[in-house]
Amino acid sequence: MGLNIYNSLSRQKEEFVPIQEGRVSMYVCGPTVYDYPHIGHAKSYVSFDIVVRYLRYLGYNVRYVQNITDVGHLLDSGEDRILKRAEREKVEPMELVEKYTHAYFQAMDALNVMRPDISPHAAAHIPEQIEFVEKLLAKGYAYESKGSVYFDVDKWPNYGKLSGRKVEDQQAGARVDVLDEKKNPADFAIWKKAEPEHIMQWNSPWSRGYPGWHLECSAMSMKYLGESLDIHGGGMENQFPHHECEIAQSEALTGKSFVKYWMHNNMVMVDGVKMSKSLGNFTTVSDALSKFSGQQIRFFVMQSHYRSPVDFSDMAITAAGQGLERLVQTVNNLTSMIGQVVDGDASDEIKEIAAKYRKQFEADMNDDFNTPNAIGTLFDFSKEINKRVQEGTLETKQSLMVLNETFRDLSENVLGLSFEKEESDVEAAPFIDLLLEIRRELREKKEWQLSDLIRDEMQNRGVLIKDGKEKTSWSVKK
RNA sequence: GGCGGCGUGGCCAAGUGGCUAAGGCGGAGGUCUGCAAAAUCUCUAUUCAUCGGUUCGAAUCCGAUCGCCGCCUCCA
């Protein structure tokens with residue numbers, strides 16, 4: 001069975017067949033960089049990171065584009081998010097953008113999220129967006145009104161196909177005041193005339209102004225990925241209106257299908273309600289990183305499915321971290337044994353075991369990136385390995401290496417976990433070995449008090465001591 | 001008002017018609033150990049919000065009820 005992806009457009013799982021064989025074009029809505037990223041962003045971008053990693057694991061040549069929104073994203077009040085925040089922090093808008101773009105990438109790096117191949121900024125693509133508006137006007141799908149340009153929803157009968165909504169069912173002005181310059185309240189801005197106090201503005205044929213928020217994703221995805229893309233991802237809350245508007249303006253422009261597979265990830269909840277900037281109930285990634293490792297947060301996110309909401313709490317992350325430790329231990333167990341066994345071919349039985357778990361893992365992932373199941377498979381695999389390590393039935397170096405490579409390929413390359421030791425740990429290794437040698441002599445003399453003191457103090461410093469039958473080994477606890 | 005989703009053990013979480021309802025955390029006990037830790041083994045849901053229905057067979061499909069959540073032009 002090949003890869004199946006749940007397509008929001010058809011509301012069912014579909015077999016994944018890229019437009020062009022062997023290649024995948026993928027676009028994910030990136031953050032509006034006006035504040036620090038929070039755990040909600042972590043879930044979203046970790047989820048899509050896994051999509052990219054798995055597609056690459058399957059051998060696809062993936063081009064992954066994720067935008068940085070630095071203009072045009074308005075608040076209910078009509079103010080630009082970036083401008084408002086810049087005013088508050090008393091910095092230039094672009095200074096603010098720079099600061100939070102850095103913070104975003106820093107957080108994503110800590111979570112081991114791969115950088116997109118292209119991270120285009122909306123403000124750096126104003127000419128492309130103006131051209132987009134011009135073409136829509138020429139085709140009659142948009143109209144100018146008082147210096148702004150709106151997409152004419154009435155001209156586009158498919159409007160609502162993604163979100164399953166009908167324009168007439170919506171409560172106009174439910175949240176935002178209706179502008180009388182629009183023909184239909186559902187029409188959305190693709191170019192906005194700037195108020196004088198709005199600093200971020202550009203010349204256009206209609207007014208000095210700025211592009212509508214929905215436009216950037218269409219313009220930039222087309223520029224870098226072509227008129228039709230394989231996968232477009234984003235948060236569920238963006239399905240309507242953002243993605244609906246993207247489809248409308250893009251397909252109106254090209255007359256072609258814009259996106260083959262729409263993927264939407266669910267929200268992070270706190271005590272049953274959505275974690276969001278506006279509710280103020282968010283934990284930033286850097287706050288979380290002061291208590292937990294990036295890997296632990298990542299593991300927590302992957303333990304639920306990307307289309308399910310997940311409730312965030314310290315307890316839940318701690319529990320996830322405990323589970324993760326078992327996988328880390330498994331790799332430690334394997335690597336510490338490699339030096340102790342003889343050279344020789346891997347047994348067929350071991351090769352079969354490795355192949356069996358790899359196959360199961362792939363089956364899990366093929367089912368719409370079911371990471372909770374894939375992790376379950378890793379735990380089963382881990383148990384099987386630990387059992388054999390303990391029984392001492394892994395007799396050759398190559399047997400160990402087959403298991404080690406398979407286990408690490410799946411957990412590191414696909415799930416993005418990392419079992420590499422920190423550089424500082426490697427530097428400390430000779431000293432740790434020295435301490436253990438001293439402790440060994442103390443234990444031989446049965447000086448338990450002193451040997452236990454060494455063990456406890458090392459543990460307090462994050463080094464875990466394990467006394468085996470033959471020898472003592474250690475690992476770093478994160 | 002419209003559209004969509006969810007409710008599975010003490011906690012988290014897979015499973016969407018058919019072997020004994022994955023897995024993790026937590027808990028109990030055993031093995032190993034000088035004692036620990038780690039690992040490992042065993043146990044920890046006759047039952048899937050409730051009530052009906054369809055079916056040889058339902059956590060899974062249908063209907064109703066209760067509870068919760070998201071979106072309806074701000075948010076990943």
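Not measured: the values here are computed from a predicted model. Quick note on labels: first sequence line is chain A, next is B, and so on, each numbered from 1.
Remark: T32(A) is in phosphate contact with A76(B), judged by side-chain N or O atoms under 4.0 Å from OP1 or OP2.
Applying the salt bridge (Lys or Arg N to Asp or Glu O under 4.0 Å) test to every pair with at least one member in residues 229-239 of chain A, sequence neighbours left out, gives no pairs at all.
Across F258(A) and I247(A), no two heavy atoms sit closer than the pair CD2-CA, 4.2 Å. The two residues V389(A) and N333(A) come nearest to each other via the heavy atoms CG1-CB, 4.2 Å. Across R307(A) and N266(A), no two heavy atoms sit closer than the pair O-ND2, 2.9 Å. Here the closest heavy-atom approach between residue Q249(A) and residue F188(A) is recorded as OE1-CE1, 3.2 Å.
A straight line from CH2 of W156(A) to C1' of U73(B) spans 19 Å, rounded to a whole angstrom. Atom OH in Y357(A) sits about 13 Å away from atom C1' in A22(B), given to the nearest Å. Rounded to an integer number of Å, the gap from CE of M275(A) to P of G70(B) is 13 Å. Remark: C1' of G34(B) and CZ of R443(A) are 8 Å apart, rounded to the nearest angstrom. Atom P of nucleotide G4(B) and atom CD of E237(A) are separated by 19 Å, given to the nearest angstrom. The distance from atom CD of Q296(A) to atom P of G24(B) is 17 Å, rounded to the nearest whole Å. Put simply, CD on Q249(A) is 13 Å from C1' on U73(B), counting in whole angstrom units. One can place CD1 of I375(A) at 13 Å from C1' of A22(B), the figure rounded to the nearest angstrom.
Here Y64(A) pairs with nothing under the ring pair (Phe, Tyr, Trp, His ring centres under 6.0 Å) rule; sequence neighbours left out. For F369(A), the ring pair (Phe, Tyr, Trp, His ring centres under 6.0 Å) test picks out no residue, with sequence neighbours left out.
Of the candidates G34(B), G70(B), A76(B), G70(B) carries the atom nearest the V273(A) side chain, counting heavy atoms from C-beta on. For F240(A), the side-chain atoms get nearest to C72(B) when compared with the rest of C72(B), A76(B), G34(B).
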Study note, to complete from the structure: Readout for nucleotides 9-15 of chain B: B = base within 4.0 Å of protein heavy atom, S = sugar-phosphate only, - = neither; 5' to 3' it is --S-SSS

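Across the C1' atoms, A14(B) and G2(B) are found 32 Å apart, a figure rounded to whole Å. Of the P atoms belonging to C51(B) and U46(B), the separation is 16 Å, rounded to the nearest Å. Look at the C1' atom in both C68(B) and A22(B): the space between them is 26 Å, to the nearest Å. Only the C1' atoms considered, G24(B) is 38 Å distant from C72(B), to the nearest whole Å. Between the C1' atoms of C71(B) and A28(B), the separation comes to 46 Å (whole Å). Rounded to whole Å, the separation between the P atoms of U16(B) and C62(B) comes to 14 Å. U60(B) and G15(B): their C1' atoms are spaced 9 Å apart (whole Å). Between U40(B) and C25(B), the distance separating the two P atoms is 10 Å to the nearest Å.
The neighbour count for E444(A) CD, taken as heavy atoms of other residues, nucleotides or ligands under 6.0 Å away, is above 12.
Checking T318(A), D314(A), T283(A) one by one against K291(A), the side-chain hydrogen bond (donor to acceptor under 3.5 Å, both in side chains) holds for a single residue, D314(A).
For N238(A) against G70(B), a side-chain-to-base donor-acceptor contact under 3.5 Å is absent. You'll find a donor-acceptor pair under 3.5 Å spanning the side chain of R455(A) and the base of C35(B), going by distance alone.
Within the 4.0 angstrom heavy-atom criterion, base atoms lie near M267(A). Within the 4.0 angstrom heavy-atom criterion, only backbone atoms of the sugar-phosphate kind lie near F379(A); the bases stay farther away. Within 4.0 Å of G40(A), counting heavy atoms only, lies at least one base atom of the nucleic acid. Contact annotation for V28(A): no contact, since no heavy-atom pair falls under 4.0 Å across all strands. Heavy atoms of D187(A) sit nowhere under 4.0 angstrom from any nucleic acid atom.
Side-chain rings of Y45(A) and Y104(A) approach one another, their centers coming within less than 6.0 Å. Between Y36(A) and Y100(A), a ring centre-to-centre spacing shorter than 6.0 Å is recorded.
Pairs of Watson-Crick or G-U wobble type, with distances under 3.5 Å, assemble into runs of 3 or more in RNA chain B at these ranges: B:1-7 with B:66-72, B:10-12 with B:23-25, B:26-31 with B:39-44, B:49-53 with B:61-65.
Under the stacking definition used here (centres under 5.5 Å, planes under 30°), the residue W448(A) qualifies as stacked on the base of G34(B).
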Interface polar pairs with nucleotides 37-40 of chain B, N/O, under 3.5 angstrom:
from   : atom 1 : to      : atom 2 : distance (Å)
A38(B) : O2'    : Q329(A) : OE1    : 3.4
A39(B) : O3'    : N386(A) : ND2    : 3.2
A39(B) : O2'    : Q390(A) : OE1    : 3.1
A39(B) : N3     : Q390(A) : OE1    : 3.2
U40(B) : OP1    : N386(A) : ND2    : 3.1
U40(B) : OP2    : R326(A) : NH2    : 3.4

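Residues T284(A) and H41(A) are not in side-chain contact: their nearest non-hydrogen atoms beyond the backbone lie 4.5 Å or more apart. When side chains are defined from C-beta on, C29(A) counts as touching H243(A), because their heavy atoms get closer than 4.5 Å.
When each of C29(A) and Q449(A) is assigned the nucleotide of RNA chain B with its nearest heavy atom, Q449(A) is the one assigned upstream, toward the 5' end.
Using modelled atom types and a 3.5 Å distance limit, the side chains of D154(A) and N184(A) yield a donor-acceptor pair.
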